[in-house]
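Below is one structure, written out as structure tokens; the observations come after it.
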Amino acid sequence: MGAGELREDDEMSKGSLNVPDRVAIIMDGNGRWATSRGLPRIEGHREGEKAVTSTVLASVEMGLEALTLFAFSTENWKRPVDEVKFLMSFNRDMLDRRVAEFHENNVRIRFLGRRKRVPRSLMRKMDESVELTRNNTGLKLNVAFNYGGRAELVDAMRSIALKVAEGKMKPGSISEKTISNHLYAPDLPDYDLLIRTAGEMRVSNFLLWEIAYSELYVTPVVWPDFRGEHLREAIEEYNHRIRTYGNLA
Ligand code: IPE
Ligand code: IPE
Ligand code: MG
């Protein structure tokens, strides 16, 4: 091993990772975590809370600009009513338990998705969390809830169409920037890294516009077993990716 390699290892151990600004995670595999242990699926969702806390705190520590977690999709309403009901009350209670700690860590919480169909008590907790953390300047934590990438684009098109109909915007002036500006989080139009846990090689209608040039990382680790160290591993691999955006290296 040459001296150069030694130096590189040394730097790595000091944590000199090139940390991406924006990371999104498809938190998958809760059901499999539970059924592989002979437990009901909802126990997997419960266990996922530890992964959420560990990942958020690791993101704060590493200094990410934004972490976006896929918590409930527009397609997840198709699940059995008992599981959907559990997820609604569980997410409300998780906010109750965790938001104070996130707030202490200067985390700003937002929710991406449609409000329609979300139960009132969960909505109230969401609004309170947003309000409490509104002026925080650290990690932007976005929870995608009742979120669909296509629904987000439909909503963006509707608001643009309205402006055109009112004569406030000309069709010819619509650019990629216009579309980015009408998404749920206009300040976060692009992600650097998309992580999916539990091994599935698909996007499942998450952030379709925003992942146009994201690096993809799929781990077999199921969400309830995911921790900050797994996020670090994903970021280490990201550090070896060469991003040329269609250009030559
Ligand atoms: C992710 O885990 C949580 C949600 C989608 C709400 P799953 O519940 O999809 O777990 P698997 O994929 O069935 O194992
Ligand atoms: C994607 O996981 C949605 C969330 C993580 C909230 P799913 O488990 O719902 O996705 P599919 O069904 O495998 O595509
Ligand atoms: Mg799944």
Side-chain angles (χ1 to χ4, degrees), residues 22-56 59 66-95 97-98 109-119 121-123 125-126 129 141-155 183-185 188 191 193-211 214 216-227 230-231 234:
R22 300 169 187 174
V23 176
I25 306 183
I26 301 175
M27 310 186 289
D28 197 21
N30 294 355
R32 277 164 279 177
W33 182 93
T35 50
S36 71
R37 287 165 174 75
L39 298 169
R41 288 178 52 83
I42 61 163
E43 295 306 325
H45 299 312
R46 253 196 249 282
E47 192 70 15
E49 183 169 342
K50 292 175 189 156
V52 170
T53 316
S54 174
T55 306
V56 170
S59 301
L67 174 71
T68 298
L69 300 176
F70 202 4
F72 192 87
S73 75
T74 46
E75 287 70 40
N76 288 148
W77 295 105
K78 294 177 199 160
R79 293 187 179 200
V81 64
D82 285 353
E83 182 168 343
V84 170
K85 268 194 182 155
F86 175 81
L87 285 167
M88 297 300 146
S89 59
F90 176 70
N91 277 287
R92 180 195 62 211
D93 297 346
M94 182 157 59
L95 288 175
R97 283 189 293 269
R98 301 294 175 180
I109 302 177
R110 279 182 295 181
F111 295 89
L112 314 181
R114 288 185 173 164
R115 294 170 73 89
K116 211 173 153 197
R117 284 183 89 173
V118 177
S121 66
L122 171 55
M123 192 64 73
K125 273 284 149 225
M126 287 173 160
S129 313
L141 173 63
N142 306 298
V143 181
F145 200 93
N146 193 17
Y147 174 89
R150 287 186 171 184
E152 180 179 30
L153 288 170
V154 167
D155 290 348
L183 298 175
Y184 296 142
L188 301 171
Y191 285 83
L193 176 62
L194 172 66
I195 297 171
R196 181 165 188 149
T197 63
E200 305 303 338
M201 301 282 182
R202 58 175 169 264
V203 170
S204 300
N205 196 19
F206 193 36
L207 300 174
L208 300 178
W209 177 272
E210 299 91 330
I211 60 165
S214 301
L216 309 180
Y217 178 88
V218 177
T219 172
V221 174
V222 289
W223 180 249
D225 291 334
F226 194 90
R227 293 292 179 275
H230 298 105
L231 177 63

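Hydrogens, waters and symmetry mates play no part in the numbers below; they use all other heavy atoms, side chains included. One-based numbering, in listed order, for ligands and for the atoms of each.
Taking both residues in full, the closest heavy atoms of Leu69 and Phe206 are given as C-CZ, 4.4 Å, listed atom of the first, atom of the second, then distance. When all heavy atoms of Leu231 and Ser59 are compared, the closest pair comes out as CD2-OG, 3.4 Å.
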Can you give me a line-by-line list of nitrogen or oxygen pairs between ligand 1 and the protein shorter than 3.5 Å?
from: ligand 1; atom 1: 2 (O); to: Gly29; atom 2: N; distance (Å): 3.3
from: ligand 1; atom 1: 2 (O); to: Asn30; atom 2: N; distance (Å): 3.2
from: ligand 1; atom 1: 8 (O); to: Arg41; atom 2: NH2; distance (Å): 2.8
from: ligand 1; atom 1: 8 (O); to: Arg79; atom 2: NH1; distance (Å): 2.7
from: ligand 1; atom 1: 9 (O); to: Asp28; atom 2: OD1; distance (Å): 2.9
from: ligand 1; atom 1: 9 (O); to: Arg79; atom 2: NH2; distance (Å): 2.8
from: ligand 1; atom 1: 10 (O); to: Gly29; atom 2: N; distance (Å): 3.4
from: ligand 1; atom 1: 10 (O); to: Asn30; atom 2: N; distance (Å): 3.1
from: ligand 1; atom 1: 10 (O); to: Gly31; atom 2: N; distance (Å): 2.9
from: ligand 1; atom 1: 12 (O); to: Asp28; atom 2: OD1; distance (Å): 2.8
from: ligand 1; atom 1: 12 (O); to: Arg32; atom 2: NH2; distance (Å): 2.8
from: ligand 1; atom 1: 13 (O); to: Arg41; atom 2: NH1; distance (Å): 2.9
from: ligand 1; atom 1: 13 (O); to: Arg41; atom 2: NH2; distance (Å): 3.2
from: ligand 1; atom 1: 14 (O); to: Gly31; atom 2: N; distance (Å): 3.3
from: ligand 1; atom 1: 14 (O); to: Arg32; atom 2: N; distance (Å): 2.8
from: ligand 1; atom 1: 14 (O); to: Arg32; atom 2: NE; distance (Å): 2.8

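With contacts defined as side-chain heavy-atom distances shorter than 4.5 Å, the pair Arg22/Tyr191 qualifies. Within the 4.5 Å cutoff, side-chain heavy atoms of Met126 are placed close to those of Phe145.
Between Glu210 and the choices Leu112, Leu188, Leu183, Thr68, the side-chain contact (heavy atoms from CB on, under 4.5 Å) rule is met once, by Leu183.
Of the charged side-chain nitrogens involved, at least one lies within less than 4.0 Å of a carboxylate oxygen, so that Glu47 and Lys50 count as a salt-bridged pair.
Summary: OD1 is the N/O/S atom of Asp28 found nearest to the Mg ion (ligand 3).
Using a 4.0 Å cutoff on heavy atoms, Arg196 counts as a contact of ligand 2.
Atom CZ of Arg37 sits in a crowded spot, with more than 12 heavy atoms from other residues, nucleotides or ligands closer than 6.0 Å.
At a threshold of 2.8 Å, the Mg ion (ligand 3) has no backbone or side-chain N, O or S atom of Glu200 nearer than that distance.
Close contacts between ligand 2 and Arg202 involve ligand atoms 11 (P), 13 (O), 14 (O) [criterion: under 4.0 Å to a heavy atom].
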>> Under the criterion side chain to side chain contact (heavy atoms under 4.5 Å, CB included), I'd like the reasoning laid out for Val143 against Phe111: C-alpha separation, chi angles, the key distance, then a yes or no.
In response: CA-CA 5 Å; Val143 181; Phe111 295 89; 3.6 Å; yes
